[in-house]
A.B. asks: 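I have a structure here, written as structure tokens, and I will follow up with some questions on it.
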There are 2 protein chains.
Amino acid sequence: MTGVTEDIQRRPPTSVDVARAAGVSQATVSYVLNDNPNARVSEKTRERVREAAERLGYVPHASARALRTGHSGLVLLPLPMARTGRLAQEWLDALGDALNDAGYTLVYYGERKLKGIAAARDWAALRPVSIIVDSERLTKASVELLKSSGTRAVFGIGSEPSPLVPSMVLDHRQVGELAARHLVERGCRRLGAIVPREAGIDVMGANRWRGVCRVAPDAARLDLAFSEDEARELVAGGDLPDGVFAYNDEYAMLLISALHDAGLRVPDDVAVVGADDLPIASLMRPRLTSVHFDPTANPVELVTLLDEIVRGEREAADGTVVDLFAPRLVVRDSA
Amino acid sequence: MTGVTEDIQRRPPTSVDVARAAGVSQATVSYVLNDNPNARVSEKTRERVREAAERLGYVPHASARALRTGHSGLVLLPLPMARTGRLAQEWLDALGDALNDAGYTLVYYGERKLKGIAAARDWAALRPVSIIVDSERLTKASVELLKSSGTRAVFGIGSEPSPLVPSMVLDHRQVGELAARHLVERGCRRLGAIVPREAGIDVMGANRWRGVCRVAPDAARLDLAFSEDEARELVAGGDLPDGVFAYNDEYAMLLISALHDAGLRVPDDVAVVGADDLPIASLMRPRLTSVHFDPTANPVELVTLLDEIVRGEREAADGTVVDLFAPRLVVRDSA
DNA sequence: CTCCAACGTTTATACGTATAAGCACTTGAT
DNA sequence: ATCAAGTGCTTATACGTATAAACGTTGGAG
């Protein structure tokens, strides 16, 4: 109705559009906007290009760039959001910031259904430059697939170091060991450790229990779901150890509440140690003794390592292990 | 040293490689692997292509595909991991699954430094097909930029409906209102609400307080950092309301612990209501009355909506509001 | 025997970018 | 004046994919 130019498809402006607007070639636009040090462009032209890009609202097309350069600059983190604890999340956010500063982009890629090699294929499709993933999800075949599809740095993350790739580790046995040693020093005769029945955390629970066993080989394994009924039953069953590592602070609270209801005193009858050192730990009565986690791996240093591997300046040995958190006991009143 | 074929660059196989291996053209490979219904390929050839792709470990190049088709199939979620609560995270994971089923890919894009239009540019570079982002981060200019760069469905998420785009909302005033109404019905004369001083959640705190004010216009605003010292001071200051909405369960525990230390009884002297209904709520003594959140927005339905908007089958009115969670009071002993 | 339609496949092209290579022109040294 | 060495740009190309269009065969109808 109005004009002829109206019906022009309004698609996002490309570097060609910017070039046309600035009266230069597309190559010049690319040189200027990427500050390519090998290119020689006069300051006057640079200004014209930048102005045109700004005016048109030019945004480079990440896919096109990735296709051309061969890598996407993406660091993939295929973890479900809900599973990781708050501490780990804050650490991961810090990692994301550090990666940003180094020119990478951390992508939490929240996909869970695909298993084994199919999952690896899915990750590889994005041509990430690096990937940080649960050690258990990595097989020899999937690592090979990733590497051959251009992923330079594959990291595992989990309780155990991976034999396949460098890995970031939190050894849960140490956690149990730390708690158990304190309980023994405190004078406890029989130890026990709660192992949660909830899927997802049961593995960590079992590892922490094994750590307790390293100190007290005859420690009791107390399998428990997070429910008041089960806790009551456990306490009513009698024959309870006089020192219990309760897996974490929430389970500790569950246990202590059941003990109180049964008329038992903490720590006199049963000493209890939690883990995570949540803000509520020092609010409980008795105040909860808990395993605190100090982040040890500096995200910035980790990014440096990653960057070196990506650039090929360093070949990471498969056995490289980065400790994520150092467990430390905070002694209060419950044990 | 050994052979001549050794030094061939081992780059990820492309559809051309698959074509060569199967003795067909690259186009045929594309037709087969994408099950393109407009193409006619004999079953025998299909089989050959699939076999070759499998054997070579072919993985399609997402960037190349995105460049060709014009969209990446990505749904961007630029949220820091640490900020959202566990409930929200589980919901978001469910959303991710639903999106997967519909052929999209949810990407938690954890970048925080960029502000305003610069952030929008950063998002747009990935050419996402849709984006779900804090309502406060969206300006008129950034929405325009996103849309003009090909993002079909822009959603806001937050406490308030966005005037610019359809939004997913959890109205925190309702939360405060719900708690306050219960306290009043219970017989409390003077109400108060804790507003956390921690950055990031202070806004939600203020909104919940406003909700309390809708029921009790003269309600006291109790600004509080999460520290036992501050809580003690607050209680020692005297002149405390006889009914307090404590923002959430953790703050409730902080407050109750301070009240106990000061010799005050809950709920007789001061009634306390929490929120989030954490597992520990029913373990506290007295058992904590808390606002529970029921997820109301079905992720599958939301994905359907998103898909329709993306396909252009439906134009979402800017005012469209999707309620995320319905608050509901769980009455126990603390109020 | 011819012509047409259906079938199965190939050829050609474009998406937006980065960069190697080339080209015209200027400058200073010889 | 001549050449070498810059300087400031442009031209050309490739990355890997999806798909429109073209193409050669085959079978059957006329």
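Just so it is clear, the structure is predicted and the values come from calculations on it, not from any experiment. Residue numbers start from 1 in every chain, and the chains themselves are labelled A, B, ... in the order their sequence lines are given, proteins ahead of strands.
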A.B. asks: Nearest whole angstrom, please: distance from the C1' of dT10(D) to the CZ of R40(A).
C.D. replies: 13 Å
A.B. asks: Once you apply a heavy-atom cut-off of 4.0 Å, does N36(B) come out as touching a base, just sugar-phosphate, or nothing?
C.D. replies: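 Here N36(B) touches the backbone only, sparing every base.
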A.B. asks: What's the CG-C1' distance between L67(B) and dA18(D), to the nearest Å?
C.D. replies: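 It works out to 11 Å between those atoms.
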A.B. asks: At under 4.0 Å, does any side-chain N or O of S15(B) touch on OP1 or OP2 of dT17(D)?
C.D. replies: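 Answer is yes, contact under 4.0 Å.
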A.B. asks: Given side chains that start at C-beta, do those of V310(B) and H71(B) come closer than 4.5 Å, heavy atoms only?
C.D. replies: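 V310(B) does not reach H71(B) side chain to side chain.
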A.B. asks: Assign S42(A) to base, sugar-phosphate, or nothing according to its heavy-atom contacts below 4.0 angstrom with the strands shown.
C.D. replies: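 Answer is sugar-phosphate: S42(A) comes under 4.0 Å of backbone atoms only.
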A.B. asks: If you compare every side-chain N and O of S25(B) against the phosphate oxygens of dT10(C) (OP1, OP2), does one of them come in below 4.0 Å?
C.D. replies: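 For S25(B), the contact criterion (side-chain N or O under 4.0 Å from OP1 or OP2 of dT10(C)) is met.
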A.B. asks: For N38(B) and for V41(A), find the nucleotide of DNA chain D with the closest heavy atom, then tell me which residue's nucleotide is more 5'.
C.D. replies: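 Per heavy-atom nearest nucleotide, the more 5' residue is V41(A).
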A.B. asks: Pick the closest DNA chain C nucleotide for V16(A) and for G23(B) by heavy atoms, then say which residue is nearer the 5' end.
C.D. replies: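 Counting from the 5' end, the first nearest nucleotide belongs to G23(B).
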A.B. asks: What is the distance from OH of Y31(A) to P of dG22(C), rounded to the nearest Å?
C.D. replies: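 After rounding, the reported distance stands at 13 Å.
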A.B. asks: Across the strands shown, which category fits T45(A) at heavy-atom distances under 4.0 angstrom: base, sugar-phosphate, nothing?
C.D. replies: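 If one applies the 4.0 Å heavy-atom cut-off, T45(A) turns out to touch the sugar-phosphate alone, with no base involved.
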A.B. asks: Counting side-chain heavy atoms from C-beta on, which of dA18(D), dT19(D), dT17(C) comes nearest to Y58(A)?
C.D. replies: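 Closest nucleotide to the Y58(A) side chain: dT17(C).
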A.B. asks: Base, sugar-phosphate alone, or nothing: which one does T28(B) contact when heavy atoms must sit under 4.0 Å apart?
C.D. replies: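 Touches a base.
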A.B. asks: The side chain of H61(B) is closest to which nucleotide in this list: dG16(D), dA18(D), dT19(D)?
C.D. replies: dG16(D)
A.B. asks: Looking for any heavy atom pair under 4.0 Å, which part of the strands does N34(B) touch: base, sugar-phosphate only, or nothing?
C.D. replies: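 It contacts sugar-phosphate atoms only.
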